[in-house]
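Excluded from the calculations below are hydrogen atoms, water molecules and symmetry mates; all remaining heavy atoms, backbone and side chain alike, are included.
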Amino acid sequence: MKPSRVVVLGATGHIGRALCARLAAAGADVIAHSSKTLDLTRPEALAVLAPVAGPDTALVFASALTPDKGQNATTFMANLAMVANVGTFLQSHPIGACVYVSSDAVYGFEYNPVTEATPTAPGGYYALAKYAGEKMMEWAGAGHGGALLTLRVAGVYGPGDPHGAYGPNAFARSLAKDRSVRVFGAGEEERDHIYVDDVAGLIVALMDRGATGVFNVATGHSRSFAAVVDAIRGLAPYEITVNSAPRKGPITHRRYDVARLSGAVPAFRFTPFTEGLRATLESFGAIPCPK
């Protein structure tokens, strides 16, 4: 399905902002909402979407209180309330398709490589809310026959990130401040880092193909945090100080088999990591932008 109208919930977030830009460039009618324009924790607030509901409308649910807002029962319940309210709304206001932006946090670290068939093992309040959200949206869709696409997104980096999660974005922010980065231990852990514009592009591509079900959104190439720092050294025109912090747990890795994703969008090409990293560093002011 290639919807003529797309409602984006969480439009000012890291992924939401990039997605709105990509959809607009593709010619879609984008209706963008953030917590300032639509409080999803209030069920009555969703009435604003009633006039645009219908078979030609798709909804992308990218709203959530992220871990930096707190990993506790309060944020967990708020995230559940948002999903419950959206699901209830959709049961009485059917739409053509729905995309739920979940997280690879729903997986544990005992399996590598990870596929969509890997058992889930949420390890915190945020991860548990995301997995519960997946099931709630699935059940809501089953009630009215709507198509659901669930995306378990790996670690996202790139310009516009307000959270600064450990990895390229946090490193860029720290470099801009004092030309130093902090890694846990020696930075041995491997993660799959995906550029934010690629996440947006994959969402659009999967929607265009009418994809449904669960997809892991990752590049299929994992690198250690130490390797990320080495890549930054190759881009920064100054000496970088690397500080080691005590590790809070055992060394874990996350690697993906992205065969399902590649099979759905075989022509998609990911942004080269160095290219995305350069744009990220420039956006944070960690390296100068070209004149």
Side-chain angles (χ1 to χ4, degrees), residues 3 6-23 28 30-35 38 40 49 57-69 75-76 78-87 89-90 95 97-107 114 116 120 122 125-138 140-141 146-158 160-163 165 192-209 211-219 256 258 260-261 264-265 268:
V6 183
V7 176
V8 179
L9 305 179
T12 59
H14 195 203
I15 294 174
R17 194 184 300 274
L19 177 60
C20 286
R22 182 63 70 102
L23 287 167
V30 182
I31 300 173
H33 282 288
S34 69
S35 59
L38 175 52
L40 296 178
L49 299 181
T57 296
L59 182 144
V60 180
F61 189 172
S63 294
L65 294 179
T66 47
D68 57 299
K69 300 295 194 300
T75 56
F76 172 74
N79 281 331
L80 287 191
M82 287 189 274
V83 181
N85 291 336
V86 171
F89 174 82
L90 292 178
I95 58 173
C98 181
V99 180
Y100 181 66
V101 180
S102 187
S103 168
D104 70 343
V106 302
Y107 297 116
V114 169
E116 288 79 4
T120 55
Y125 282 109
Y126 175 75
L128 183 58
K130 280 297 184 183
Y131 183 65
E134 291 182 11
K135 304 308 292 183
M136 292 166 73
M137 292 302 295
E138 179 184 327
L148 176 64
L149 173 62
T150 299
L151 305 177
R152 293 172 175 168
V153 184
V156 183
Y157 76 100
D161 173 40
H163 311 300
D192 192 312
H193 306 281
I194 183 168
Y195 193 53
V196 65
D197 286 349
D198 290 344
V199 176
L202 283 166
I203 293 174
V204 173
L206 289 166
M207 290 173 67
D208 285 350
R209 290 185 62 85
T212 60
V214 176
F215 284 84
N216 292 326
V217 178
T219 69
Y256 286 93
V258 294
R260 176 167 164 78
L261 180 66
V265 286
F268 189 86

Completion exercise
Heavy-atom nearest pair, A97 first then I95, reads O-CD1, 3.0 Å
Handout entry: Option passing side chain to side chain contact (heavy atoms under 4.5 Å, CB included) with Y100 (candidates V83, L151, V214)
Key = V83
Problem - T75: side-chain hydrogen bond (donor to acceptor under 3.5 Å, both in side chains) partners, not counting sequence neighbours - result: N72
Practice task
Indicate yes or no for a side-chain donor-acceptor contact from D192 to the backbone of T219 under 3.5 Å, with no hydrogens or angles considered.
Solution key: yes
Exercise for the section: Supply the atom-to-atom distance T212 OG1 to L206 CG, rounded to the nearest 0.5 angstrom. Expected result: 10.5 Å
Problem - Which atom of L65 lies closest to which atom of Y126, heavy atoms considered - result: O-CD1, 3.5 Å
Fill in the blank from the handout: Sorted by chain and number, sequence neighbours left out, side-chain hydrogen bond (donor to acceptor under 3.5 Å, both in side chains) with T66 holds for D68, H163
Problem - Exceeds 12 heavy-atom contacts within 6.0 angstrom, atom CZ of F76 - result: yes
Exercise for the section: Would you name the heavy atoms of A154 and D104 that are closest together and state the gap between them? Expected result: CA-OD2, 3.5 Å
Problem - For D161, side-chain hydrogen bond (donor to acceptor under 3.5 Å, both in side chains) partners two or more places apart - result: N169
Problem - Qualifying side chain to side chain donor-acceptor pair (under 3.5 Å) pairs with a residue from residues 147-157, counting only residues at least two apart or across chains - result: Y107-R152, E134-R152
Handout entry: Donor-acceptor contact below 3.5 Å, side chain S63 vs main chain L9
Key = yes
Completion exercise
When rounded to the nearest 0.5 Å, the distance separating CE of M136 from CG of L80 is 5.5 Å
Exercise for the section: Rounded to the nearest 0.5 Å, what's the gap from CZ on F61 to CG on L40? Could you check? Expected result: 5.5 Å
Practice task
Could you tell me whether the side chain of R260 and the main chain of N216 form a donor-acceptor pair under 3.5 Å?
Solution key: no
Fill in the blank from the handout: Residue pairs passing the salt bridge (Lys or Arg N to Asp or Glu O under 4.0 Å) test with at least one member in residues 9-20, sequence neighbours excluded, are none
Practice task
Applying ring-ring contact (aromatic ring centres under 6.0 Å, His included), name anything that partners H193, two or more places apart in sequence or on another chain.
Solution key: F225
